[in-house]
Amino acid sequence: MPDYQAPLRDLRFVMDEMLDFPAHYASLPGGEEASPDVVAAILEEGARFSREVLLPLNQSGDREGCLLEGGEVKAPRGFKEAYAQYVAGGWPSLAADPAHGGQGLPHSLAMVLNEMICSTNLAWGMYPGLSHGAADALRHHGTEAQQATYLTKLVEGTWTGTMCLTEPHCGTDLGLIKTRAVPSADDAYEITGTKIFISAGEHDLAENIVHLVLAKLPDAPEGSKGISLFVVPKYLPTETGEPGERNGVVCGSLEHKMGIHGNATCVMNFDAAKGFLVGAPNKGLACMFTMMNAARIGVGIQGLGLTEASFQNALAYARDRLQMRGLSGTQAPDKAADPIIVHPDVRRMLLTQKAFAEGGRMLTLYTAQMIDVVEHGTDAGEKERAETLLGLLTPIVKAFLTETGFEAVNEGVQVFGGHGFIQEWGMEQLVRDARITRLYEGTTGIQALDLLGRKVLMSQGESLKAFTREIHKFCQAEEGNAELAEFVRPLAKLNQEWGEMTMAIGMKAMTDREEVGAASVDYLMYSGYVTLAYLFARAARQARVALDEGTDEAPFYRAKLDTARFFYQRLLPRTQAHKGALEAGAESLMATSPEDFGLGFEI
């Protein structure tokens, strides 16, 4: 069975040394509750829960899957009991508002726990995963009555939440949805339609399930401007707030999937189900974005969690597996062959996973600080800046960390060789589970369009400038530091190139809108590599400080420098391939007509 140890030392490095979370927490209203002792206890207990409770259920949940009988879904054995422990431990309420029963701790702490859960049992983690986003959507846009009815239950975890967006015919193009909401008595609506791909849409872990559903009113405008948001509970709450009458929403079928078998991915049928309008009519998409952005960051953390799991197990295998002798001579003379970790290509695969895990962790925690500021900060200027950077980085977190996560888990299988293809080692499950992360909550292509088209070009590059200015200031401050020259010089060059390249794309797009779509994915990947390069440069600076001052943990800091160096020398050059591809423009993509794609065979 695969194993997992929460990377607590690396977490402490990023949080305490590199990003100075203690000072960050102290600057937030109520942040004194997140004292170093409290944070340490949360991390250690979260690590224990993930390894001892969730990890043993991961492979069995994958083999068993979910069972649908009469519209009711049973999760795999052990999932319900694990969820009960999760609720009893107060984990769902960690970062929620005390006004609704939460503990009021910074959101960043919940994100750290989320990484551990994703490393040990992604399918299980998806059951409570969307509840936080549902609570946030109701907190920001719900009426006082809706908040009183649903928020405390969602926060404490006795009820879970979903987001019901897409339908069989429309995918990401939500303007095409057919689900209808017809006004009825008591300010309610009858919701009728079918939603697909609904994660945790039906299960037996919680007392009630709160669906947030996109639908159209009878007089709604066409397209996305006519979408409204409704809260539709599985059981209609009674006057005392307990689950009452069964609503007209049922799971029609379970999707038969490539991975995440332990999670119920449902087709949900709404048949005159009683729903209640959230926010203003026809403004549902704006309300749902509160939940969607949280979900996108959550999916990026899924990519990170699977990367870490793959790396840890591939590393353990590479240290133990004997095969051939080292090219420069025998490395383990007392053994029949050398462990495969001595071979350069195995090290390439291991270091690729290590770099993406450590870089992804820095990125998610850097982003987490911005979320804390947006949610709890008191300085208007700081909040505005954090919101701008968060908007820019959200599609990068989601898409880049899932693209590199899928690469990492495939490299993990490769380290195992033929054994990686065998179920008992657990590596092939990581690949199957990771594949969906590049798809749901917006594919990589959708995230790339959001980044380049909406966040960068539509803001006249202002969001990007806010970030590149920060990188520029870092490079200026370290310009004379000879020990960091190998990182700072290429970073400064790429930072300038990023801005110039963006301007060139914008100029092309003024005469041909297809240029944005043609460049977008390469642009996102380029952006992701440069973002990680900035964070690795900061990590290298911190490691150099620790080594220069003298430390009992010199091997840890030297390894941090080694990983940064590997990233710069072996992974960062990929930026130039992406740059070359996006500069090639749209011509070769759009030249072939749709009819000519199939020349040579019949369709």
- prompt: With sequence neighbours left out, what residues match Thr502 under side chain to side chain donor-acceptor pair (under 3.5 Å)?
  reply: Tyr523
query: So, the side chain of Ser131 versus the backbone of Gly161: is there a donor-acceptor pair under 3.5 Å, distance only?
result: yes
field: Option passing ring pair (Phe, Tyr, Trp, His ring centres under 6.0 Å) with Phe487 (candidates Phe566, Tyr568, Tyr534)
entry: Tyr568
task: Check whether NZ of the Lys or CZ of the Arg Arg12 lies under 6.0 Å from the centre of the six-membered ring of Phe556 and within 45 degrees of that ring's axis.
output: no
field: Between CZ on residue Arg489 and CD on residue Glu479, distance to nearest 0.5 Å
entry: 8.5 Å
statement: Between the NE2 atom in His141 and the CE atom in Met291, the distance rounded to the nearest 0.5 Å is 11.5 Å
task: Compare every heavy atom of Ile396 with every heavy atom of Gly528, then report the nearest pair and how far apart it is.
output: CA-CG2, 3.8 Å
- request: Please indicate whether Glu384 has more than 12 foreign heavy atoms, meaning atoms of other residues, nucleotides or ligands, lying under 6.0 Å from its CD.
  value: no
field: Derivation of the side-chain hydrogen bond (donor to acceptor under 3.5 Å, both in side chains) call for Gln302 and Thr437
entry: CA-CA 7 Å; Gln302 291 177 357; Thr437 64; 5.8 Å; no
field: Audit row: Thr563, Lys354, side-chain hydrogen bond (donor to acceptor under 3.5 Å, both in side chains) steps and yes/no
entry: CA-CA 7 Å; Thr563 306; Lys354 186 175 192 285; 2.7 Å; yes
- prompt: Any sub-3.5 Å donor-acceptor pair from Gln147's side-chain atoms to Gly142's backbone N or O?
  reply: yes
query: Angle class for the Tyr529/Phe356 ring planes (parallel below 30°, perpendicular above 60°, tilted otherwise)?
result: tilted
Salt-bridge contact Glu441-Lys398 (side-chain N to carboxylate O under 4.0 Å): no
field: Ring geometry between Tyr83 and Tyr86 (parallel below 30°, tilted from 30 to 60°, perpendicular above 60°)
entry: tilted
- request: Return the orientation label for the Tyr127 and His203 ring planes: parallel under 30°, perpendicular over 60°, tilted otherwise.
  value: perpendicular
- request: May I ask you to decide if Asp136's main-chain N or O and His140's side chain share a donor-acceptor pair within less than 3.5 Å?
  value: yes
